[in-house]
Amino acid sequence: MDRKVNIVVGVCGGIAAYKTVEVVSRLKKTGYNVHVIMTRNAQEFITPLTFQTISSNKVDTDMFERPDVWDVHHISLAQKADLVLVAPATANIIGKIATGIADDLLSTVIMATKSKVVFVPAMNTAMFENSIVQENISRLQKAGYCFIEPDIGLMACGTAGKGRFPEPKDIVEYIKSVLISNNKDFDGKRVLISAGPTREMIDPVRFLSNRSSGKMGYAIAQAAYYRGADVRLVTGPVADHISKQISSDINVINVTTATEMNTVMLSEYHNCDIVIMAAAVADYMPKCFSNMKIKKNEEELSFKLVRTPDIAKNLGEIKSYNKLHIGFAAETENLIENSLNKIGKKKLDFIVANDITQKGAGFEVDTNIIKIIKPNKEIIEYPILSKKEAANAILDEVSKLIK
Ligand code: PMT
């Protein structure tokens with residue numbers, strides 16, 4: 001970084017304020033210069049000294065404090081900020097900004113800044129779901145403010161539901177993507193992404209599938225969206241907590257089987273510039289589907305499997321010269337050789353290979369260990385990364401190829 005990136009963190013009065021300490025610590029370790037502003041209520045939960053020690057910067061709490069060096073403090077902080085993070089964001093601060101109230105240092109800085117403002121709402125579920133709070137959030141989103149969706153889970157008030165403060169590491173990843181996306185290197189690009197597993201039905205209650213959680217594909221979708229892309233995500237069945245983590249602006253098309261995914265990917269292909277295939281598509285499906293539940297009459301049961309459509313290969317066959325095709329390879333052996341074969345067979349611009357025997361790589365986990373392999377056999381190796389970091393690393397390589 002040539003100049004240190006300045007992040008202003010606004011801390012409001014909620015119990016999650018203590019978790020913001022870890023956010024500030026992680027932001028600092030990433031290399032950002034962090035300035036904390038605390039509201040009066042925030043100081044009921046945690047002291048300014050904690051943030052001062054972690055951020056190595058004086059914490060601002062007062063609009064009318066006499067500065068050592070004269071400046072109009074709320075204006076200088078607002079101008080200095082490359083990004084303002086409000087975490088935890090209470091219903092109160094959201095309501096104030098949505099209705100144009102600037103009555104303390106934090107709300108004044110938010111009003112006066114021209115940089116991106118990211119709110120991290122954290123509150124009791126009923127409060128979060130309150131229609132007035134939701135209307136305020138939509139109003140702010142329409143005005144260009146960003147929101148990180150709260151997590152679902154048990155909260156300090158003893159209830160369970162949506163409203164939990166997200167993991168600090170996820171907030172920091174988001175901030176990094178927003179800062180990268182200030183460049184908007186995918187602006188105007190339409191990105192078609194496949195994610196998750198497919199299910200190949202045997203009878204009305206049974207199916208063949210695999211361990212894909214969708215995390216990798218969803219992380220790419222979210223990162224591409226942050227970087228300005230118009231994203232279309234074609235997804236096999238994934239858990240609710242995965243599907244709820246992406247922005248509502250991402251166009252999601254749900255499918256179940258490989259055949260359905262093939263149909264949708266082919267029909268969406270004409271409206272995209274870049275296709276990234278992270279889905280773990282079943283290679284075989286039962287030849288016949290039994291309309292009735294198969295009874296366990298016999299000791300052994302066998303049924304025939306037939307090949308599913310190879311979506312990446314089908315898209316490769318109609319590939320236009322101005323489109324980029326990125327595939328994945330989940331391998332347990334001969335990673336490089338098998339990946340290079342797939343590049344050729346599926347006409348890929350590069351492949352993201354993951355050796356799924358490695359701890360922390362591949363299916364279900366939050367991390368991945370990837371190698372980007374190019375048709376000219378160039379290989380870029382990465383250390384273990386969170387799937388969000390891996391998504392950005394993949395997009396960095398795609399970005400270099402954008403025509
Ligand atoms: O979802 P997660 O739990 O986060 O796990 C991530 C992941 C392991 C699923 C992901 O990182 C990954 O490797 N995805 C591709 C898995 C896979 O099916 O690999 P493959 O080597 O079998 O397929 C090669 C490529 O062809 C892939 O881009 C795949 O989407 C595509 N394919 C495969 C079969 C098929 N019938 N049609 C296809 O288009």
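All values below come from the heavy atoms of this structure, side chains included, with hydrogens, waters and symmetry mates left out. Order of listing sets the numbers, starting from 1, for every ligand and every atom in it. Note that the coordinates shown come from a computational prediction; the quantities given were computed from them, not determined experimentally.
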Give yes if a backbone or side-chain nitrogen or oxygen of S194 is under 3.5 Å from a nitrogen or oxygen of ligand 1, and no if not. no
N354, portion touching ligand 1 at heavy-atom distance under 4.0 Å: side chain
Just distances here: any N/O of M277 and N/O of ligand 1 closer than 3.5 Å? yes
Looking only at protein heavy atoms, identify the closest one to atom 20 (P) of ligand 1 and say how far it is in Å. K342 NZ, 3.7 Å
Is there any N or O on A279 that sits under 3.5 Å from an N or O of ligand 1? yes
For E173, is there an ion pair with K169 - N to carboxylate O distance below 4.0 angstrom? no
Heavy atom of the protein closest to atom 6 (C) of ligand 1 (residue, atom name, distance): M216 CB, 3.6 Å
Check ligand 1 against K346 and write out every atom of the ligand that is under 4.0 Å from a heavy-atom position of the residue. 24 (C), 25 (C), 26 (O), 31 (C), 32 (N), 33 (C)
Report yes if some N/O of G327 lies less than 3.5 Å from some N/O of ligand 1; otherwise report no. no
Decide, yes or no, whether a salt bridge links K342 with E331 under the criterion of side-chain N to carboxylate O below 4.0 Å. yes
Applying the side chain to side chain donor-acceptor pair (under 3.5 Å) criterion to D366, which one of K388, K215, K387 satisfies it? K215
Is the closest side-chain heavy-atom distance between P309 and T259 below 4.5 Å? yes
Could you tell me which atoms of ligand 1, counted from 1 in the order shown, lie closer than 4.0 angstrom to a heavy atom of T308? 36 (N)
Over 12 foreign heavy atoms within 6.0 Å of CZ, R206: yes
Give the residue and atom name of whichever protein heavy atom lies nearest to atom 2 (P) of ligand 1, and the separation in Å to one decimal. S213 OG, 3.3 Å
Beyond-backbone contact of I318 with N314, side-chain heavy atoms, under 4.5 angstrom: no
Any chance you could lay out the salt bridge (Lys or Arg N to Asp or Glu O under 4.0 Å) test for R190 and D230, step after step, and finish with the verdict? CA-CA 5 Å; R190 297 160 304 168; D230 175 1; over 6 Å; no
Which of the numbered atoms in ligand 1 are under 4.0 angstrom from any heavy atom belonging to N368? 11 (O)
Considering only heavy atoms, does P309 approach ligand 1 within less than 4.0 Å through its side chain, its backbone, both, or neither? backbone
Can you confirm, on distance only, whether ligand 1 has an N/O atom lying under 3.5 Å from any N/O atom belonging to A278? yes
Would you indicate whether E317, at its atom CD, is surrounded by more than 12 heavy atoms from other residues, nucleotides or ligands within a distance under 6.0 Å? yes
Atoms of ligand 1 under 4.0 Å from any heavy atom of G362, numbered from 1 in the order shown, are 5 (O), 6 (C), 8 (C)
Starting from atom 19 (O) of ligand 1, locate the nearest protein heavy atom and write down its residue, its atom name and how far away it is, to 0.1 Å. A330 N, 3.4 Å
If the cut-off is 4.0 Å to any non-hydrogen atom of A282, which atoms of ligand 1 fall inside it? 36 (N)
Do any heavy atoms of K387 fall under 4.0 Å from ligand 1? yes
A280 versus ligand 1: do any nitrogen or oxygen atoms come within less than 3.5 Å of each other? no
Tell me whether F328 has any N or O atom under 3.5 angstrom from an N or O of ligand 1. yes
Nearest non-hydrogen protein atom to atom 37 (N) of ligand 1, with distance, is I311 N, 3.1 Å
Would you mind checking if R26 and E22 are paired as a salt bridge, meaning a charged N to carboxylate O distance below 4.0 Å? yes
For atom 34 (C) of ligand 1, the closest protein heavy atom turns out to be D283 OD1, 3.3 Å
Tell me which one of A312, P197, S212 gets a heavy atom nearest to atom 39 (O) of ligand 1. A312
Within the 4.0 Å heavy-atom shell around G214, which atoms of ligand 1 are there? 1 (O), 2 (P), 3 (O)
Less than 4.5 Å apart, any side-chain heavy atom of F128 and any of Q134? yes
Is D203 salt-bridged to K293, going by a charged N under 4.0 Å from an acidic O? no
Select one of side chain, backbone, both or neither to describe which atoms of D310 lie under 4.0 Å from any atom of ligand 1, heavy atoms only. both
Indicate whether the side chain of Y226 and that of Q222 have a donor and an acceptor atom separated by less than 3.5 Å. yes
Atoms of ligand 1 less than 4.0 Å from K215 heavy atoms? 1 (O), 2 (P), 4 (O)
I101 CD1: over 12 foreign heavy atoms closer than 6.0 Å: yes
Identified salt bridge (Lys or Arg N to Asp or Glu O under 4.0 Å) partner of D349 from the options K319, K323, K374: K319
With a 4.5 Å limit on heavy-atom distance, are the side chains of V231 and F186 in contact? no
